[in-house]
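Working notes, structure below.
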Amino acid sequence: MAMINENYIKLPGSYLFSEIAKRVDAYKAENPDAAIIKLGIGDVTRPLPPAVISSMHKAVDEMADEKTFRGYGPEQGYNFLIEKIIEFDYAPRGISLNIDEVFVSDGSKSDTANFQEIFGLENKIAVTDPVYPVYVDSNVMAGRSGSLGADGKWTDLTYMPCTAENAFIPQLPNEKVDLIYLCFPNNPTGTTISKTELKKWVDYAKDNKSIILYDAAYEAYIQEDDVPHSIYEIEGAKEVAVEFRSFSKNAGFTGTRCSYTVVPKEVLGYTASGEAIELNKLWNRRQTTKFNGVPYIIQKGAEAVYTLEGQQQIKSLVDYYMTNAKIIREGIQSTGIEVFGGVNAPYIWLKTPTGQDSWSFFDKLLHDVNIVGTPGAGFGPSGEGYFRLTAFASKKSTEEAIDRIKTRLKL
Ligand code: MLT
């Protein structure tokens, strides 16, 4: 008899964004003429930058010629891309990394979900609340969560509420935790953390031999000074942090899939007998067993992000979406609704008006003005009473959405 991993049946019926898609499809089936504007899932809409496309075309031609054809590449990624990552994303910030500390992968979603595999089940997990659901769900699947309480919290996870009351800055937990998921600029709140605040987490991790799993997928959106782009800007972080970065949001790779994860050799985990083990070795072992690398064509595309044209083109992509963020932020503010984020991130987090719960506001927005957003409660109990809009639609749709909210939404 085939027994299942029963942790899977503890999970809510569907992943947040699948649930939203289901509700939108049901509405569309009943209202086929509705002109729906999607500001829900954080998926980019602008095409890949020309430098990326041209590099991919060349790579396709190489694959057509037996002299330049390539089969399996290194599971960790090609050196031509890793060298550029280190040179452009880390060296200018005074961070030195070795080639074998960067692992190219097919997405920060998969890496943040998979990374927990190299840790024991007894680890205590801390997440911010609200949180990107992947961190929680992957730990539920692994069996670290306990059960889901009536308060919407998993009994064995430690939640660090991030609300307007604490300016969306997670406070150090009172209990000892082993693995800490942090995401800055934050998904879903669009808010950031200062170097001083982040240093507290690095110090906590050092004091407690904990590990910080730092998701920096939105770092390209940072506009203000004193906002760290990488956790390794904080002294000591290379001993306690793993960092996830992505080409999805800065270069439009959501459908193309390319990201990378930095695992410095200094980061250590421990066996039950207290022996220190490099996480880098474990992650390398995991990746070489379960992953065969990102396709050559895609990595050549990612490499082009680091050319002069590539850098200019991704900057204008980010500027484009940040213009949308400003339109949303200012437009929503003008209706009297309280707004957060959207300054260093492509997400705008708002307080649902008149005390509505997040899912009621989702329905209202969809039904009254045909706009899709994401209910804050979908990201965790402290997201209740909040709502997320993304800046990733076209400028025209963004303007239209804000116009509808201002003129047609009855609060
Ligand atoms: C989101 O909307 O939160 C995004 O889809 C996150 C992701 O990149 O998976």
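Just follow the structure's listing: the first ligand is 1, and inside any ligand the first atom is 1. Just so you know, these numbers use all the heavy atoms, side chains as well, and skip hydrogens, waters and symmetry mates.
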Original post:
Is the closest basic N to carboxylate O distance between K300 and E303 below 4.0 Å?
Top reply: yes

Original post:
Under 3.5 Å, N or O to N or O, is Y15 touching ligand 1 that way?
Top reply: no

Sub-4.0 Å atoms of ligand 1 with respect to non-hydrogen atoms of [X]:
| X | answer |
| --- | --- |
| F17 | 1 (C), 2 (O), 3 (O) |
| K249 | 4 (C), 6 (C), 7 (C), 8 (O) |
| I41 | 2 (O), 5 (O) |
| G42 | 1 (C), 2 (O), 4 (C), 5 (O) |

**OP:** If you have a sec, work out which protein heavy atom is nearest atom 7 (C) of ligand 1 and how many Å separate them, to one decimal?
**Re:** Y132 OH, 3.3 Å

Subject >> For ligand 1, the portion of Y347 having any non-hydrogen atom under 4.0 Å away >> reply: side chain

Original post:
Counting only heavy atoms, which portion of N187 has something under 4.0 Å from ligand 1: side chain, backbone, both, or neither?
Top reply: side chain

Original post:
What's the spacing between Y132 OH and F379 CZ if we round to 0.5 Å?
Top reply: 9.5 Å

Subject >> T45 OG1 to K38 NZ distance, which is reported to the nearest 0.5 Å >> reply: 12.5 Å

**OP:** Scan F115, Y135, W201 and name whichever one has a ring pair (Phe, Tyr, Trp, His ring centres under 6.0 Å) with Y181.
**Re:** Y135

Original post:
Should the pair K209 and Y270 be classed as cation-pi, given the thresholds of under 6.0 Å to the six-membered ring centre and 45° from the axis?
Top reply: yes

Original post:
Once the angle between the rings of F184 and Y214 is folded into 0 to 90°, is it parallel (under 30°), tilted (30 to 60°) or perpendicular (over 60°)?
Top reply: tilted

